[in-house]
Peer 1: 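First the structure, then my questions, so here it is.
Start at 1 and go down the list; that is how both ligands and their atoms are numbered.
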Amino acid sequence: MKRDLITLADLGPGGIERLLDDAARFERLRGHADHPRPLTGKSAALLFDKASTRTRVSLEVAVVELGGHPIVVAGGSQMARGESPADTARTLARYVHVMTYRTFETSRLVELARASRVPVLNALTDDAHPMQILADLYTVRAVRGRLSGLSYAWVGDGNNMARSWIEAAMLLGLELRLACPEGYDPPQAEIDRACAAGARVTLVRDPRAACEGADVVSTDVWASMGQEAEAARRAAAFAEFRVTRSHVAIASPEVVVLHCLPAHRGEEIDADVLDGPRSFVWDEAEARLHTSKAALAWALSTSP
Ligand code: CP
Ligand code: NVA
């Protein structure tokens with residue numbers, strides 16, 4: 001069966017840990033002659049319906065360093081003029097060996113994956129950003145040496161990032177406290193599902209309650225791609241949901257501050273936090289490369 005990565009659960013039991021181990025090997029072997037090249041002679045189509053810097057470039061470099069040929073399709077395609085994801089997949093799967101797709105509704109990604117006979121990886125939808133969470137977990141493990149037994153805080157929108165954190169908490173049995181303004185919560189069913197699986201996921205209204213003693217503090221933009229028209233309303237609703245020095249001060253002294261980027265200093269996070277000593281956002285951005293290699297290798301059923 002082909003391996004699609006639509007959500008983190010697709011990696012299967014123990015799959016996240018195995019992928020992070022593979023990513024660490026890719027990091028170690030980077031630039032060495034024995035860096036694995038499982039994409040040799042293969043091509044990857046990287047499809048984008050939304051803007052991207054990190055995802056696009058890290059995937060492109062990952063494919064090249066795995067020996068393959070990346071083809072970025074970002075605007076200008078027939079899909080941008082209304083050709084369906086399914087017909088696009090049927091065509092591209094005749095050319096390439098793996099695809100990644102960043103789009104709006106998850107249903108578009110699922111349609112593409114169902115019609116594709118080659119693996120498809122989720123490069124962000126309105127509901128999930130699993131490849132970013134793999135990089136975030138990789139960063140936490142690199143800094144703190146482990147993932148379990150830590151407390152994770154999320155401050156801000158109950159968006160695609162928050163929802164993939166909830167899924168990670170479910171799969172890894174993590175403690176996750178989300179502080180979201182009323183009206184911007186992640187779906188309660190996803191929280192309930194994570195708790196039923198043994199995770200401790202709670203929703204609070206006060207960012208201080210989420211950050212108190214936290215080992216990891218994450219945030220993201222107030223208005224995601226596609227929500228630009230809501231930006232003013234969201235800025236008012238999120239005014240108290242900025243990660244500040246006072247949140248870092250009440251977190252663990254070893255707190256790892258994360259932001260998937262791009263960031264808006266002075267909105268969801270203060271500059272002295274994003275650029276401060278507990279911020280690991282550049283390592284997090286770098287981790288996109290190592291974890292993307294591992295995800296591509298997993299999809300093609302190879303390990304380093
Ligand atoms: N974090 C992330 O996905 O960044 P880009 O939007 O730049 O790809
Ligand atoms: N929540 C953001 C993440 C960007 C990487 C968005 O969807 O725009």
Peer 1: Taking H35 as the fixed residue, which of R28, K293, R25, E65 is the one that meets the side-chain hydrogen bond (donor to acceptor under 3.5 Å, both in side chains) rule?
Peer 2: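 With H35 as partner, R28, K293, R25, E65 yield a single side-chain hydrogen bond (donor to acceptor under 3.5 Å, both in side chains), made by K293.
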
Peer 1: Any chance CD of E240 has more than 12 other-residue heavy atoms, nucleotides or ligands included, within less than 6.0 Å?
Peer 2: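 Incorrect, the count does not exceed 12.
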
Peer 1: Taking N or O atoms only and a 3.5 Å limit, does R102 qualify as a polar contact for ligand 2?
Peer 2: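 No, no N or O pair falls under 3.5 Å.
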
Peer 1: Answer yes or no: does an N/O atom from M225 fall short of 3.5 Å to an N/O atom of ligand 1?
Peer 2: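 N/O-N/O distance under 3.5 Å: no.
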
Peer 1: Answer yes or no: does an N/O atom from D220 fall short of 3.5 Å to an N/O atom of ligand 2?
Peer 2: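 Yes: some nitrogen or oxygen of D220 is under 3.5 Å from one in ligand 2.
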
Peer 1: Among all the protein's non-hydrogen atoms, which is closest to atom 8 (O) of ligand 2, and how far away is it?
Peer 2: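 Result: M225 N, 2.8 Å.
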
Peer 1: Just need the protein heavy atom nearest to atom 6 (O) of ligand 1, so name the residue and atom and give the distance.
Peer 2: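 Protein heavy atom at minimum distance: R102 NH1, 2.9 Å.
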
Peer 1: Using distance alone, determine whether L124 and ligand 2 share an N or O pair under 3.5 Å.
Peer 2: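 No: no nitrogen or oxygen of L124 is under 3.5 Å from one in ligand 2.
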
Peer 1: Checking salt bridge (Lys or Arg N to Asp or Glu O under 4.0 Å) between R141 and each of D215, D21, D136, which is the one that passes?
Peer 2: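 Testing each of D215, D21, D136 against R141, the sole residue satisfying salt bridge (Lys or Arg N to Asp or Glu O under 4.0 Å) is D21.
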
Peer 1: Between R56 and E60, is there a salt bridge with N-O shorter than 4.0 Å?
Peer 2: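 Here E60 pairs with R56 in a salt bridge, since their nearest N and O are under 4.0 Å apart.
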
Peer 1: Applying a strict 4.0 Å limit to heavy atoms, is H129 in contact with ligand 1?
Peer 2: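 The answer is yes, since H129 has a heavy atom less than 4.0 Å from ligand 1.
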
Peer 1: Does D206 pair with R177 as a salt bridge, N-O distance under 4.0 Å?
Peer 2: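 Looking at R177 together with D206, the answer is no, because their closest N to O distance does not fall below 4.0 Å.
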
Peer 1: If you count the atoms of ligand 2 from 1 in the order shown, which ones are under 4.0 Å from a heavy atom of N159?
Peer 2: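 Listed by number with element, the hits are 1 (N).
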
Peer 1: Using a strict 4.0 Å cut-off to heavy atoms of T53, name the atoms of ligand 1 that fall inside it.
Peer 2: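 This gives 5 (P), 7 (O), 8 (O) as the contact atoms.
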
Peer 1: Please indicate whether any nitrogen or oxygen in T55 is less than 3.5 Å from any nitrogen or oxygen in ligand 1.
Peer 2: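 Indeed, backbone or side chain, T55 has an N or O that close.
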
Peer 1: Closer than 4.0 Å to some heavy atom of Q132 - which atoms of ligand 1 meet that?
Peer 2: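 Within the 4.0 Å cut-off of Q132, ligand 1 contributes 1 (N), 2 (C), 3 (O).
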
Peer 1: Can H129 and R102 be said to form a side chain to side chain contact (heavy atoms under 4.5 Å, CB included), step by step?
Peer 2: CA-CA 9 Å; H129 198 2; R102 166 171 289 196; 3.7 Å; yes

Peer 1: T55 versus F48: any side-chain heavy-atom pair under 4.5 Å?
Peer 2: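 Answer yes - side chains close enough.
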
Peer 1: Pick one: which of R163, R108, K50 meets salt bridge (Lys or Arg N to Asp or Glu O under 4.0 Å) with D126?
Peer 2: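 Exactly one pass, corresponding to K50.
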
Peer 1: Contact between L261 and ligand 2, counting heavy atoms under 4.0 Å?
Peer 2: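 Yes; L261 lies near enough to ligand 2 that a heavy-atom distance drops under 4.0 Å.
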
Peer 1: Output yes when the distance from some N or O of ligand 1 to some N or O of L261 is under 3.5 Å, and no in every other case.
Peer 2: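 Right, the criterion is met.
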
Peer 1: Do F241 and Y184 have ring centroids that are under 6.0 Å from one another?
Peer 2: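 No.
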
Peer 1: With a cut-off of 6.0 Å (strictly less than), are more than 12 heavy atoms of other residues, nucleotides or ligands near CZ of R245?
Peer 2: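 No - once you tally the heavy atoms of other residues, nucleotides and ligands closer than 6.0 Å, there are 12 at most.
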
Peer 1: Please say yes or no: joined through hydrophobic side-chain contacts below 4.5 Å, possibly via intermediate residues, are L59 and V98 part of one cluster?
Peer 2: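 Yes, it is one cluster - the side chains of L59 and V98 are joined through contacts under 4.5 Å.
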
Peer 1: Indicate yes or no: does an N/O atom of N160 lie under 3.5 Å from an N/O atom of ligand 2?
Peer 2: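 It does: an N or O of N160 is found under 3.5 Å from an N or O of ligand 2.
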
Peer 1: For atom 4 (O) of ligand 1, what is the nearest protein heavy atom, given as residue, atom name and distance?
Peer 2: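 Checked against all protein heavy atoms, atom 4 (O) of ligand 1 sits closest to R54 NE, 2.9 Å.
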
Peer 1: Under 4.0 Å from a heavy atom of R288: give me the atoms of ligand 1 that qualify, with their elements.
Peer 2: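 Listed by number with element, the hits are 1 (N), 2 (C), 3 (O).
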
Peer 1: Hey, which atoms in ligand 1 end up nearer than 4.0 Å to a heavy atom of C260?
Peer 2: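 Here the atoms of ligand 1 in question are 1 (N).
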
